[in-house]
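All of these numbers come straight from a predicted model, not from anything done at the bench. Proteins get letters first, then strands, A, B, ... in listed order; numbering begins at 1 in each.
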Amino acid sequence: MNVFAHVEGLIKTALESLQADGELPAEIDLASIEAEAPRDKGHGDLATNAALVLAKKAKMKPRDIAEKLKDRIEANAEIEKADVAGPGFLNLTFRPEFWQAIVLSIIDAADAYGRADLGGGAKMNVEYVSANPTGPMHVGHCRGAVFGDALARLLEFAGYDVTREYYINDAGGQIDVLARSAFLRYRQALGENICEIPEGLYPGDYLKPVGAALAKQYGEALTEMDEAQWMPVVRVKAIEMMMAMIREDLAALNINHNVFFSEASLQADGRERIGEAIESLKEKGLIYQGVLPKPKGHDDGEWEEREQTLFRSTEFGDDVDRAIAKSDGSYTYFAGDIGYHYDKLQRGFTHLINVFGADHIGYIKRMKSAVTALSDGKADFDIKVCQLVKLFRAGQPVRMSKRAGTFVTLRDVVDEVGRDPVRFMMLYRKNDASLDFDFAKVTEQSKDNPVFYVQYAHARSCSVFRNALEAFDGLDTSADALRAADLSKLTDEGELELIKLLAAFPRLVEGAARAHEPHRLAFYLYEVASALHAQWARGNDSPQLRFIAQGDVGLTVARLAMIAATRQVISSGLDLLGVEAPDTMR
RNA sequence: GGCCCCGUAGCUCAGCUGGAUAGAGCAGAUGACUUCUAAUCAUCAGGUCCGAGGUUCGAAUCCUCGCGGGGUCGCCA
C-alpha cells in the first residue's frame, strides 16, 4: 500500500463530500492536492495543503476550509486526530494500528513491496555507457554505467518494460585508427620489431592480444595485402575483442545490457536507417543546404565558410542548426545518431533515456531536437548527464595521463575497492553534481562509509533472527508465523518511527522513478539503516526495548515482524542499486 | 561571446518538483561496550541557503539580472 496515495484518496473523498453538501463550491478542481510528510514531528504523521490550495478558488479562508475538512477526515477510523495548523495545514495523526498494519502489508507483499505501475508496461529504452570500442573503459565511464544500470532497475520496478542498450560507435574514423594500431601489433606478433608506436595510433598494451589473435588466425597472409584489403578484416576482429573486454568490465560491475547496437549496422546489410531518418526530416521541411555562422570564442584562423547539409535544430531551441553531412558528402556522427534514434522509435519505444558524460552536454539540445522532430514531439525523451568523477587517494587528487601510463581504468577501481562500494558511492550523489571519489574512504568499513552502514543494517537484521532462534528454542520465524504476530505490541515511539519510514518506500520509488533519480534511493536507505541502528542501540540503555524480549515470545515475534519488514525494504532498495544485501558482514 | 551544470554548516553533501522553526555525515566537545557483532548509539555546538529584484497565502526550490567555480562550442566521436 502507498500510504500517501491512500491518504490523498481519503482527503479527496472528504472534499467531495463537502462539495456534495454544498460546503465547498462544486466546480473547483481538486487535482493539485497532496499529502506529505511534515518535517517537524509535532505536525503529525502526514499533512495536507488542501485548504491552502483551494482557498483562492473557493473564495474562502484557508483555515475555514481546513476546519470543515477536519470534521470529515476525523470520521475515518484510521485517523486518531486532525489538527488545523499554521496558515491552514491539516495535520493528520494516525492510530498506531494503522502503522502496525503496514508491517503486515510489507511481509505480505515481500519482494513486490514498493513496486509501482507508473509505466503501465510502456516500452522504455535506457541507453548508457556507449563507450567507444577503442580500449578499456576508464573511471569516467564508471559513473554513467552504474547510474544507467540503477536507473534501468528502478524504472523496471516502477512498471516500465525496460531495454538496456549500448550504442557501439564502430563506424567512425577512430575505428580505422584502432585497426591500424592493431595491425601494428599483428606485425609485432609475427616477430617484427615495430619500435615505437607512432603518434596518432593507440599505444596501449591491450591491443597485443588482438595482434596475437590475428597472427594465429591469418598467419602472414595479411602482410601480403594492402590496407584497403586488410582493413575490414582487422577492424572486425579488433572491435569484437574490444567489445568482449568492455563487456567483461561491465560484468565486473554487475551491469548487463540487453542490446548492443552497432552504429555500422545502421547502413549495412541493405539497411538505410540514416537515409530514412533524414528523408522523414526532409518531409517535415527540416533539412536544407546552408552555411553556419563562425563560432565565437575560438579564434583559430582556420575557419572558412562552407555550404553543408543542415538540420534545422534551431526550430526546437538549439543555438545553431547542425550539420548532418560532411563536405565530402558522407554522414556526420550526428546523422548517425539521428538514424539510431529513428531506429529506436521504429522499434516501438515510447520512452527514451540517454545517459551522457559531462563532455557531451553540448550535444543535448541537438539530440533532443532530433528526437522531437522524428517523433513529432510524441516520444518522452530525457537525457541524464553524469558529471565528472574526481579521484582522490588519501586526500590527494589522482593525476591521470594516458602517456605516462597513470590512467586508471574502470577495472582498476573495481578490483581495488570492490563492486558494492563503487556502485553505492557512484549513486550517493545527484547525477548532475560532480563527485569526489576517495579510495581510502570508499574501502573504509565504518559508519563514515554509507555502503557499509546500510549493509550492516541488513546484516544486523539477519543476526537478530539468528539470535532469536537461540534465545527461544524451536521458535517459528516463517513468514506465516510473522504474519500471525500480535503487531499491537509495537508501541514504542522508535518502532513506530521506523515503520513510518518503511511506509514511505513506495512513494519514494515513484518519485525517484519519475524524476529519473536513483540517488534518492541511496539516501533513503541510509535513513532506514539509521533508524534501525538507533532502535537497536536504545536496547542497550533500555533492555525492554531489545528486539529479543527476554521471556516474551509474543513481543519478540512482533518485533521480528518489524525487522523482517525492514530487511525487506533494505534488500529491495539495495537490489535497485545493484548492491548486495549481505546476511553477515564477515 | 553563446549554451549547459554547480554554488546550502569549517569540509563533503541531502532537501521528496513551492510548504510550517532548512537537514545528515565528517571534523570539534561530552557521554554509552560483563551487549542483540560499539563496524553502533545519544547529547551539544555549528547557517546572510552566493547577491539583488520579482512571482504568491508561502521561495533554498520557479522567473529576471548579476557574482564565483566547472564543462562545452562548425565536418572529431
Counting only side-chain nitrogens and oxygens, does A:Tyr524 get under 4.0 Å of the OP1 or OP2 atom of B:rA24?
no
Is the shortest side-chain N/O distance from A:Lys56 to OP1 or OP2 of B:rU56 below 4.0 Å?
no
Using whole Å, what does the distance between atom C1' of nucleotide B:rA14 and atom CZ of A:Arg520 come to?
11 Å
So, is A:Arg39 near the phosphate of B:rA20, with a side-chain N or O under 4.0 Å from OP1 or OP2?
yes
For B:rC36, take OP1 and OP2 only and decide whether either is under 4.0 Å from a side-chain N or O of A:Arg538.
no
Separation of A:Tyr526 atom OH from B:rG25 atom P, in whole Å?
6 Å
Kindly say whether A:Tyr428 contributes a backbone atom to a donor-acceptor pair with the side chain of A:His519 at under 3.5 angstrom?
no
Qualifying residues under side chain to side chain donor-acceptor pair (under 3.5 Å), relative to A:Arg460, sequence neighbours excluded
A:Tyr456, A:His533
Glycosidic torsion of B:rU17 (syn if within 90° of 0, anti otherwise) classifies it as syn
State whether A:Asn540 places a side-chain N or O below 4.0 Å from either non-bridging phosphate oxygen (OP1 or OP2) of B:rA42.
no
How many Å lie between CG on A:Leu90 and P on B:rC57, as a whole number?
20 Å
May I ask you to verify if any side-chain N or O of A:Ser463 is less than 4.0 angstrom from the OP1 or OP2 atom of B:rU37?
yes
Centroid under 5.5 Å and tilt under 30°, A:Phe89 to B:rG19
no
Ignoring backbone atoms, establish whether A:Lys61 has a side-chain N or O less than 4.0 Å from OP1 or OP2 of B:rC57.
no
B:rC3, OP1 or OP2 - any side-chain N/O from A:His360 closer than 4.0 Å?
no
Determine whether A:Phe147 and A:Lys384 make a side-chain contact, defined as any pair of heavy atoms from C-beta on separated by less than 4.5 Å.
yes
It should be established whether A:Lys365 places a side-chain nitrogen or oxygen under 4.0 Å from OP1 or OP2 of nucleotide B:rC3.
no
Kindly compute the distance separating OH (A:Tyr128) from CD1 (A:Ile353), expressed to the nearest 0.5 Å.
11.5 Å
Pairwise C1' distance for B:rA22 and B:rC16, with rounding to whole Å
14 Å
Indicate whether OP1 or OP2 belonging to B:rA38 is found under 4.0 Å from a side-chain N or O atom of A:Tyr456.
yes
What integer distance in Å separates A:Met425:CE from B:rC13:C1'?
10 Å
Using the P atom as the point on both nucleotides, what is the distance between B:rG1 and B:rC65, in whole Å?
14 Å
In dot-bracket form, 5' to 3', how is RNA chain B paired? Count Watson-Crick and G-U wobble pairs only if both distances fall under 3.5 Å, and write | where the partner sits on another strand.
(((((((..((((.....[...)))).(((((.......))))).....(((((..]....))))))))))))....
